[in-house]
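A short write-up of the structure that comes next.
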There are 2 protein chains.
Amino acid sequence: MSHDSDTGAIRREVTVADVAGAAGVAKATAARALGDYGAVSDSVRDRVLAAADRLGYRPNALARTMSTGRSNTLGIVVGDIENPFFAQATRGASDVASAAGLDFILSNSDEDPVVEAQAIAVQLAKRVDGLLLAPASSVDPTNLRSVIDAGRPVVLFDRVVEGVEVDAVIAANRSGARTATRLLLDAGHRRIALISTLEHDDVYRAGAMLTMSSVAERVDGFVSALADAGVADPASFVHLNARRDGVDTIARRLLTDGSGITAIIGSDSLIALQVFRVARELGLGIPTDLSLIAFDDADWTWVSTPGVTVMSQPIHEIGAEAARLLLRRVRGDVAPPVVRVLDQKLIERGSVAPPRR
Amino acid sequence: MSHDSDTGAIRREVTVADVAGAAGVAKATAARALGDYGAVSDSVRDRVLAAADRLGYRPNALARTMSTGRSNTLGIVVGDIENPFFAQATRGASDVASAAGLDFILSNSDEDPVVEAQAIAVQLAKRVDGLLLAPASSVDPTNLRSVIDAGRPVVLFDRVVEGVEVDAVIAANRSGARTATRLLLDAGHRRIALISTLEHDDVYRAGAMLTMSSVAERVDGFVSALADAGVADPASFVHLNARRDGVDTIARRLLTDGSGITAIIGSDSLIALQVFRVARELGLGIPTDLSLIAFDDADWTWVSTPGVTVMSQPIHEIGAEAARLLLRRVRGDVAPPVVRVLDQKLIERGSVAPPRR
DNA sequence: GTGAAAGCGCTAACAG
DNA sequence: CTGTTAGCGCTTTCAC
């Protein structure tokens with residue numbers, strides 16, 4: 001047995017023609033046996049397969065795509081695969097894809113429309129059959145348009161894009177935020193802060209247009225719940241740009257500047273984690289001095305002391321359902337676009353209590 | 001401006017020939033301008049680029065790969081992208097790849113050699129220029145051999161494969177485990193358990209061959225540290241198959257069956273998380289009743305009460321360095337294979353104290 | 001600098 | 001059932 005592993009060079013590949021030659025049949029016949037299509041007699045098939053095996057034939061998926069036009073591949077563009085939300089959604093989607101016999105290509109957008117455009121270009125260049133996209137911007141449709149114009153099926157997840165009719169799978173963020181906010185309100189809190197890392201040019205003002213629909217919905221649910229409860233100037237309780245300004249900085253300010261904040265909602269679990277730490281550093285007890293609710297049922301929320309009350313999303317299912325919708329399109333379904341809204345679920349643990357004052 | 005977004009079908013793509021026609025030049029010339037190679041006069045280039053833009057030309061990366069033989073793509077096969085370890089390593093590798101202008105394809109192996117073989121086949125079929133692999137088995141070289149035989153550069157990460165000389169980036173697991181174990185020993189513990197999810201046919205016995213080198217190294221460091229300290233039958237303190245048997249079941253048994261275990265090392269942060277919870281459910285205080293050390297510096301380990309002492313690995317860098325090594329190979333470097341061993345670092349928090357008895 | 005033609009590995013259409 | 005012949009969209013000689 002000879003290994004030429006010592007040469008770094010890529011060997012000349014064994015092709016259908018080689019196999020055909022070795023098996024003593026025509027190229028097309030070998031191709032049919034190898035590609036498992038068309039009609040081939042058992043005896044010939046066996047001969048071809050044996051030859052292929054002997055020669056170490058490996059199909060060239062690219063050449064196949066070239067002639068069929070189908071790559072048998074789905075693409076996904078996420079904000080950042082390190083974010084547990086995207087990791088789980090990706091896994092959900094990838095499971096559906098591989099169950100359907102499709103391959104999967106992943107790109108990160110860093111939540112930056114420019115990087116996203118590049119990522120999309122790559123995926124289209126590789127001729128993915130369809131694309132899963134968590135759009136970096138819900139207000140600028142340019143990137144989404146580019147894939148639609150290319151004629152590729154696309155399904156959004158986690159966020160929608162305004163003014164573009166396309167399949168999407170999102171969570172019920174507005175009602176989730178309302179529920180979370182009301183839990184705090186019902187416990188007696190009146191000064192509740194919402195912290196998000198979403199970038200925004202300005203201080204948040206009522207009705208301002210936010211660039212990410214999921215966050216916008218969360219903010220909207222939050223503000224409307226406060227308003228319903230008669231809280232004055234609810235918009236002033238929304239704190240954006242937490243990545244730029246630092247979650248810990250914001251949390252620290254909120255908890256020490258006499259603004260009287262008694263409860264905080266973290267727009268994702270990473271934010272809540274930071275708040276949790278700041279509270280501890282400040283010697284503030286949870287939930288005695290501060291009540292806390294996080295979005296997403298992250299691992300740590302049930303080992304912290306106290307456990308953190310969370311608004312949980314069916315993350316896996318968001319990815320899986322998006323992939324299912326995409327599969328339909330890839331298979332030619334031309335029904336009108338649907339937006340699937342999946343429920344969020346409140347999981348109460350120990351981080352909410354009435355405010356001290 | 002016309003959008004035929006209403007048709008789900010993939011439109012006939014705009015090709016180099018189309019652009020050439022529109023620009024009034026030969027196909028080859030257009031291709032040179034578009035592909036940015038060869039020599040083209042400025043005026044012609046401008047004309048071609050303008051035409052391309054007008055027609056909405058998008059290069060077909062597959063066709064390009066067909067003729068050049070290079071796909072400009074790196075592949076990675078991980079155990080499970082939902083595992084934070086792999087998510088971080090993947091991100092590290094992906095950043096290096098995209099900085100070098102290469103695309104990135106991801107597959108999950110589920111730590112199953114059969115699934116892994118399939119994943120590798122897919123990547124090779126897509127003609128990736130090189131492959132990053134966290135091999136599902138360190139003792140069965142079949143899958144790794146298949147990519148080497150295909151002549152593709154490959155770099156392993158997190159684990160090595162016995163008997164195969166190939167580039168790899170791993171962590172210093174043996175010494176890390178020794179350090180962690182000694183910390184416990186020095187605190188006075190004598191009955192320390194190590195829990196891992198690694199599958200193994202039997203109860204662990206001294207010198208048994210484990211199928212994943214990273215875990216094998218951890219176990220070896222652990223056992224040798226115990227032996228050095230004069231602990232009798234150190235192998236009996238190793239508990240494998242924790243996925244099959246349930247981490248919580250194992251932990252519960254260890255802590256209630258009178259075996260007198262006073263400290264536990266979790267072979268990854270997910271395991272430690274479960275142990276943490278079981279301890280709490282059992283009403284055991286950490287570190288008063290049980291000392292705990294985890295591998296990997298997960299988020300939750302610094303918000304739990306107490307914080308968990310961890311053996312941290314440079315996960316990002318493992319992925320990044322593996323990608324760098326791979327890039328070299330892809331570029332033709334034929335130097336002998338190297339195995340890069342990155343240090344682990346002990347981060348002491350509050351989960352270790354002397355045993356009660 | 002530009003053009004014409006061949007070919008990458010595969011599938012598809014059409015004969016036989 | 002099997003073979004022949006064209007391409008898929010691009011790059012790459014090799015002429016001019």
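Letters A, B, ... mirror the listed sequences (proteins, then strands); counts begin at 1.
No donor-acceptor pair closer than 3.5 Å links the side chain of B/Ser109 to the backbone N or O of B/Val115.
Atom CZ of B/Arg64 and atom P of D/dC10 are 8 Å apart (whole Å). Separating the CG atom of A/Leu62 from the P atom of D/dT11 is a distance of 14 Å, rounded to the nearest angstrom. Computed from coordinates, the B/Asn60 CG to D/dT11 P distance equals 10 Å when rounded to whole Å.
The stretch residues 24-33 of chain A touches DNA chain C through A/Lys27, A/Ala28, A/Ala31, A/Arg32, each having a heavy atom within less than 4.0 Å of the strand.
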Base-pair string, DNA chain C, Watson-Crick plus G-U, cut-off 3.5 Å on both distances, | for inter-strand, is |||||||||||.||||

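Contact annotation: B/Tyr57 side-chain N/O to D/dC10 OP1/OP2 distance is under 4.0 Å.
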For residues 45-52 of chain A, run the donor-acceptor check on the side chains, cut-off 3.5 Å, and write out each pair with its distance to 0.1 Å, sequence neighbours left out.
unit_1: A/Arg45; atom_1: NH2; unit_2: A/Val40; atom_2: O; d: 3.2
unit_1: A/Arg47; atom_1: NH1; unit_2: A/Ala23; atom_2: O; d: 2.6

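Scanning DNA chain C 5' to 3' for nucleotides with an atom closer than 4.0 angstrom to a non-hydrogen atom of chain B gives a first and last hit of C/dG1 to C/dG9.
Out of D/dG7, D/dT2, D/dT11, the shortest distance to the side chain of B/Tyr37 is found at D/dT11.
In this structure, A/Asp112 has no side-chain hydrogen bond (donor to acceptor under 3.5 Å, both in side chains) partners at least two apart in sequence or on a different chain. For B/Arg127, the side-chain hydrogen bond (donor to acceptor under 3.5 Å, both in side chains) test picks out no residue, with sequence neighbours left out.
C/dA6 and D/dT5: their P atoms are spaced 16 Å apart (whole Å).
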